Structures are given as structure tokens and as C-alpha cells.
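If you're wondering where the values come from, they're calculated on a predicted model, not measured in any experiment. Whatever order the structure lists ligands and atoms in, that order sets their numbers, starting from 1. By convention here, the first residue in the shown sequence is residue 1.
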Amino acid sequence: MSYDFDLFVIGGGSGGIATARRAAEYGAKVGLAENDRLGGTCVNRGCVPKKLLVYASRFADHFKEAEGYGWSPIQTQCNWQKLITAVNQEVDRLNGIYQRMLDTSQVKIFPAFARFLDPHTLQVGEQQITADKVLIAVGGYPVRPPIPGIEHAILSDDLFNLQEQPKHFVVLGGGYIGVEFACLMNKLGSKVTQIIRQDKILRGFEEDLRTEIQESMIKHGINIINNHQLVSITKGEEGLSIQLKNKAGEDDAMSVDALTLAALGRKAKLENLGLENTAVEVKNNAIVVDQYSHTAEPNIFSVGDCTDRINLTPVAINEGRALADTEFGGKSRIMSHENVPSAVFSTPEAATVGLTEIEAKEKFGEENIKIFRSKFRSMYYTLPNLDEKTLMKLVVHAETNKVLGAHMVGDYAGEIIQGVAIAVKMGATKADFDATVGIHPTSAEEFVTMR
Ligand code: NDP
């Protein structure tokens with residue numbers, strides 16, 4: 001049977017675009033439906049605009065630090081409107097680049113919503129389209145859990161449209177998004193309060209990193225209210241009243257005249273896709289796939305956040321490219337989800353690859369794990385005389401000497417761990433790290449001199 005397309009991609013985010021372009025390079029006839037802007041969460045309302053705001057926020061400290069290096073005091077403040085306009089212009093520029101890349105690859109774009117009528121037929125806007133293979137790469141969106149009054153809180157998507165910088169900013173949730181926005185808004189000059197239900201932010205991360213970032217955030221003026229469960233939010237004339245319960249179950253409340261951000265998790269965007277017209281299986285609101293990104297329907301595949309494996313842009317891109325190589329390039333391969341590095345663009349920044357100390361001890365037994373840890377003030381902070389600490393940690397398997405995990409909090413942690421991740425991915429031992437000559441004077445050299 002002949003179809004309109006060899007591959008039809010639903011979703012023009014990082015995973016969908018990467019797959020479409022790679023498949024087209026192999027000569028496949030590819031169509032792609034996207035009913036929003038091209039680039040998905042990462043480009044339009046995630047990684048990219050967020051990182052630009054992070055860069056903006058870091059000048060606050062640089063201006064103070066400069067005084068230690070002989071510069072006259074600098075009195076300045078950030079113009080939010082100018083910043084957010086520049087950020088959105090950059091996003092527009094990237095949208096244009098994606099459009100041109102897809103045009104060059106001869107991927108036909110449908111600016112419409114796509115829905116399955118059967119495994120090979122899609123309703124795309126007003127048209128019906130058939131395809132041999134279909135990729136679901138629809139991503140996710142930030143959720144508002146069923147907490148009374150949660151509609152009074154904005155979501156991370158809304159932040160990039162704010163016309164004014166909030167004087168007081170309340171963050172609900174202690175995950176990546178909550179932590180990153182708490183830090184950047186604090187540095188841009190808002191008074192920040194963050195409410196979390198655990199004792200520490202960033203559940204699942206290396207414990208030392210969680211402690212170090214949280215202590216540092218508090219030192220930098222963020223008010224973290226921990227061990228408090230969110231009960232409800234009410235809106236009055238004076239602003240919001242947030243009802244909480246502490247660990248002992250006692251009621252607590254805070255009244256705030258503040259913009260409140262709900263950073264309480266994300267969810268796959270599976271509504272109205274017509275999955276019931278296919279055999280695609282959904283579990284815990286994520287599309288079930290095997291290691292080749294195959295769903296339960298033989299001609300339908302899925303990559304990225306909607307499969308809820310590791311929800312990061314480079315992971316979606318790699319899953320997509322592996323799929324295109326396998327299905328259209330004659331090079332069968334899978335993407336390895338082991339030792340995927342990631343960063344939290346908090347201030348201070350944190351980055352991590354491999355197993356945490358707790359995970360390693362659970363997997364190999366406490367006696368089989370050696371920990372190397374170093375906490376120091378980097379040379380940069382000596383002249384400004386600031387008590388900013390860098391933390392580095394290696395988790396090592398005692399018997400084989402293999403480095404199982406590398407973790408860092410401090411300036412350029414993301415840049416540094418990216419390099420270290422290559423070594424960890426290749427299975428480097430602590431002896432390999434030790435045999436590597438340090439670059440002096442840097443903070444990163446500590447990774448090869450730890451005892
Ligand atoms: P996360 O799932 O990481 O964090 C959600 C937070 O909300 C947790 O602290 C969670 O607490 C809390 N929470 C959830 N439900 C409730 C509730 N009912 N009451 C109180 N607290 C609640 O989600 P994010 O939205 O921060 O991030 C989503 C994803 O986006 C991440 O998984 C990440 O992959 C990706 N991302 C990556 C970034 C990067 O790479 N730098 C940056 C931003 C996002 P608890 O821990 O107790 O469950």
C-alpha cells in the first residue's frame with residue numbers, strides 16, 4: 001500500500017525535529033505537524049529562554065565581585081522589560097532557524113493539530129493524511145495538581161510573558177524548575193520565598209549537592225520554607241493567602257502580595273491524540289516504549305518527554321536520531337540512558353553524571369563504594385573575599401576502581417561535568433582520573449587531584 005508519507009511526526013519539538021531531519025537525510029518522505037511554534041518546550045518556554053534569564057541574573061554578583069578586583073562600585077539594576085523583549089526576540093530568531101532547517105531537509109510542515117484515526121491515518125487540521133510510520137513526540141506541559149485555588153498560581157510557561165518583574169515571588173515546588181526560577185528571580189532583585197514539602201530541594205539528586213545548593217540559596221537571601229505541604233490558596237484584596245500543613249500536621253498559613261509560580265511537575269501532552277484508535281499503550285500518563293522507542297503498535301514510535309524516560313532535550317534528540325538511524329538508515333541502534341549528565345542552572349550551578357552515593361551503595365553494597373569529596377573556595381573568590389564554596393565529589397567502585405558518579409556544585413559546573421561525563425561514560429577508573437594532568441590554576445583540576 002502506498003502512503004502520503006514514509007514518516008509522519010507529531011510534534012515539532014527537539015525530539016520530533018531531530019527525528020524528522022535525520023529520516024529525511026536518509027531519503028524518507030517526511031511530514032511534521034506542530035500546532036504551536038517550532039522548537040517545543042526547550043526553545044520556546046524552557047531551556048533556552050530560561051538560560052538567557054540565568055545569564056542575566058548572574059551579573060548581579062559579577063558587579064559586586066568586580067570591586068574586589070579594583071573596579072569602582074557599580075550601581076545598576078536590570079530593566080525587566082528590556083530583558084524579556086530581548087529573550088523573546090532570540091526565541092523568534094530560533095523559531096526561524098528551525099523553520100529553515102526543516103525546509104532545507106524537505107520536511108513538509110503542517111501547522112495543525114494531528115490526531116490518529118487509525119494507526120496509519122491522521123486527521124491533521126482539515127486534512128486526512130496517511131503515513132507508513134508515525135512518531136509521537138508531543139512533549140509535556142506544566143501541571144497544576146488538584147489543590148484548591150491553584151489556578152491563582154502562574155506556570156513556568158507564563159514567566160516569559162511577564163510585563164513586570166514581581167517584587168515578591170513565591171515558588172511552589174523544589175524540582176529543577178522551582179529551584180532555577182527561585183535563584184534567577186532572587187538575583188534579578190525579587191524577594192523570593194520557596195515552599196517545598198521535603199526537607200531539601202531536588203529530591204533524587206546527590207545528597208551533598210542538595211544540601212550545598214540549598215544552604216547557598218538561603219545564604220543568598222531566598223526564604224525556603226521546607227517540610228510544608230500545600231493545602232490551598234485563596235485570593236483576597238491584599239493578595240494571596242497560602243494555607244500549609246507542617247510535618248506534624250499542624251496548620252500554617254502565609255499571606256503574600258506576590259506572584260506565585262506553581263513548579264509542581266510536568267505531564268505528557270496525550271489528550272485528544274486519538275490513541276484509542278491505535279494499540280499504543282499508556283501507563284502512568286506516559287507512552288510505553290521499548291529501548292528502540294517502539295510502542296505496542298508496530299508502525300508507531302515515540303520519543304522524548306511523552307515517554308517519561310529521562311526528560312531532557314539532548315535525550316529526546318538522541319532517542320530520535322537512534323530511531324531514524326534504525327528505521328531509515330539501516331543502522332540499528334539504541335540510545336543508552338546510562339550516565340546521562342545533567343545540570344541545574346541554579347546559582348550556584350550544579351551538575352551531575354552517574355550514580356549518587358546512595359544509589360551506588362544500594363547497588364554495590366556500602367563496603368564496595370569509596371567516596372572522594374572536596375570542598376574549597378575557588379581562587380576567583382579570594383580577592384572579592386567572598387565565602388562561595390565549590391563542591392566536587394566522586395563515587396568510586398572499590399574493587400574495579402571505576403568512577404560511578406561525578407557531582408559538582410560551583411561556577412561552570414555544567415561546562416565542567418560535560419567533559420567529566422565522557423570519562424565516566426567510557427568507564428574511566430579513579431587511576432585514570434589521577435593520571436590526567438590538571439590544568440592549573442582552575443577549579444576543574446580538583447577532579448584529577450582528589451585524595
Ligand atoms: P519536578 O518533578 O522535578 O519537581 C516537582 C516539584 O514539585 C518537586 O519538588 C515535588 O515534590 C513538588 N510537588 C509535586 N506535587 C506537589 C504537591 N501536590 N504539593 C507539593 N509539592 C509538590 O518537576 P519540575 O516541574 O521542576 O521539572 C520537570 C522536568 O523538567 C524535570 O523532570 C526535568 O527533567 C525537566 N527540566 C530540566 C531542567 C534542566 O535540565 N536544567 C530545567 C527544568 C526542567 P517531591 O520532590 O516531594 O515530589
Side-chain angles (χ1 to χ4, degrees), residues 13-15 40-55 139-150 153-160 170-184 194-205 207 209-210 213-214 217 224-233 242-247 252 260-269 284-286 304-317 319 337 340-353 408-409 413-415 417-418 421:
S14 305
T41 299
C42 176
V43 171
N44 295 302
R45 47 195 174 269
C47 330
V48 171
K50 181 273 315 284
K51 184 78 186 276
L52 293 171
L53 293 182
V54 170
Y55 282 135
Y141 61 94
V143 291
R144 285 191 171 92
I147 295 165
I150 194 72
I154 63 161
L155 299 170
S156 55
D157 290 1
D158 305 320
L159 273 158
F160 306 104
V170 173
V171 177
L172 309 174
Y176 278 89
I177 296 180
V179 167
E180 291 181 341
F181 277 104
C183 290
L184 76 88
Q194 186 167 15
I195 303 169
I196 59 171
R197 62 182 175 187
Q198 311 284 337
D199 60 334
K200 274 187 262 176
I201 51 166
L202 296 171
R203 182 166 59 87
F205 273 76
E207 284 300 310
L209 257 62
R210 298 176 73 193
I213 304 169
Q214 181 153 317
M217 286 169 71
I224 298 186
I225 300 176
N226 62 355
N227 291 318
H228 274 74
Q229 178 64 55
L230 201 55
V231 177
S232 62
I233 302 173
I242 303 177
Q243 286 77 45
L244 305 166
K245 260 196 199 315
N246 66 17
K247 265 249 155 100
D252 215 340
T260 300
L261 168 74
L264 300 167
R266 294 176 58 87
K267 179 177 167 192
K269 215 188 260 171
N284 299 327
N285 196 56
D305 288 9
C306 59
T307 62
D308 200 16
R309 287 176 276 182
I310 300 177
N311 298 339
L312 297 171
T313 294
V315 172
I317 292 172
E319 287 168 354
H337 289 82
V340 170
S342 72
V344 186
F345 295 104
S346 44
T347 301
E349 190 165 303
T352 179
V353 61
M408 174 176 172
V409 179
E415 309 287 346
I417 288 290
Q418 180 67 81

**Message:** Return the CG to CZ distance between L53 and F345, rounded to the nearest 0.5 Å.
**Reply:**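 Here the rounded value is 13.0 Å.
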**Message:** Quick check on side-chain hydrogen bond (donor to acceptor under 3.5 Å, both in side chains): which of H228, K245, Q243 does D252 satisfy it with?
**Reply:**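 Exactly one pass, corresponding to H228.
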**Asked** Taking all atoms of both residues into account, what is the closest heavy-atom pair of P348 and V409, and its distance?
**Response** CG-CG1, 3.6 Å
**Message:** I'd like to know whether CD of Q418 has more than 12 heavy-atom contacts from other residues, nucleotides or ligands below 6.0 angstrom.
**Reply:**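 No, the 6.0 Å shell around CD holds no more than 12 heavy atoms from other groups.
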**Prompt:** Would L209 and L202 count as a side chain to side chain contact (heavy atoms under 4.5 Å, CB included) if you check the C-alpha gap in whole Å, the side-chain angles of each, and the deciding distance to 0.1 Å?
**Reply:** CA-CA 9 Å; L209 257 62; L202 296 171; over 6 Å; no
For ligand 1, list all ligand N or O to protein N or O distances below 3.5 Å, rounded to 0.1 Å.
residue	atom	partner	partner atom	Å
ligand 1	7 (O)	A263	O	3.4
ligand 1	9 (O)	G174	N	2.8
ligand 1	9 (O)	G175	N	3.3
ligand 1	11 (O)	R197	NE	3.3
ligand 1	19 (N)	Q229	NE2	3.0
ligand 1	25 (O)	G265	N	3.3
ligand 1	26 (O)	Y176	N	3.3
ligand 1	26 (O)	I177	N	2.9
ligand 1	34 (O)	N311	O	2.7
ligand 1	41 (N)	E180	OE2	2.9
ligand 1	41 (N)	A343	O	2.8
ligand 1	46 (O)	R203	NE	2.8
ligand 1	47 (O)	R197	NE	2.8
ligand 1	47 (O)	Q198	NE2	2.4
ligand 1	48 (O)	R197	NH2	2.9
ligand 1	48 (O)	R203	NE	3.4
ligand 1	48 (O)	R203	NH2	2.7

Listed pairs under 3.5 Å, donor-acceptor, residues 139-146 side chains, sequence neighbours left out:
residue	atom	partner	partner atom	Å
Y141	OH	E271	OE2	2.8
R144	NE	I150	O	3.4
R144	NE	A153	O	3.3
R144	NH2	A153	O	2.7

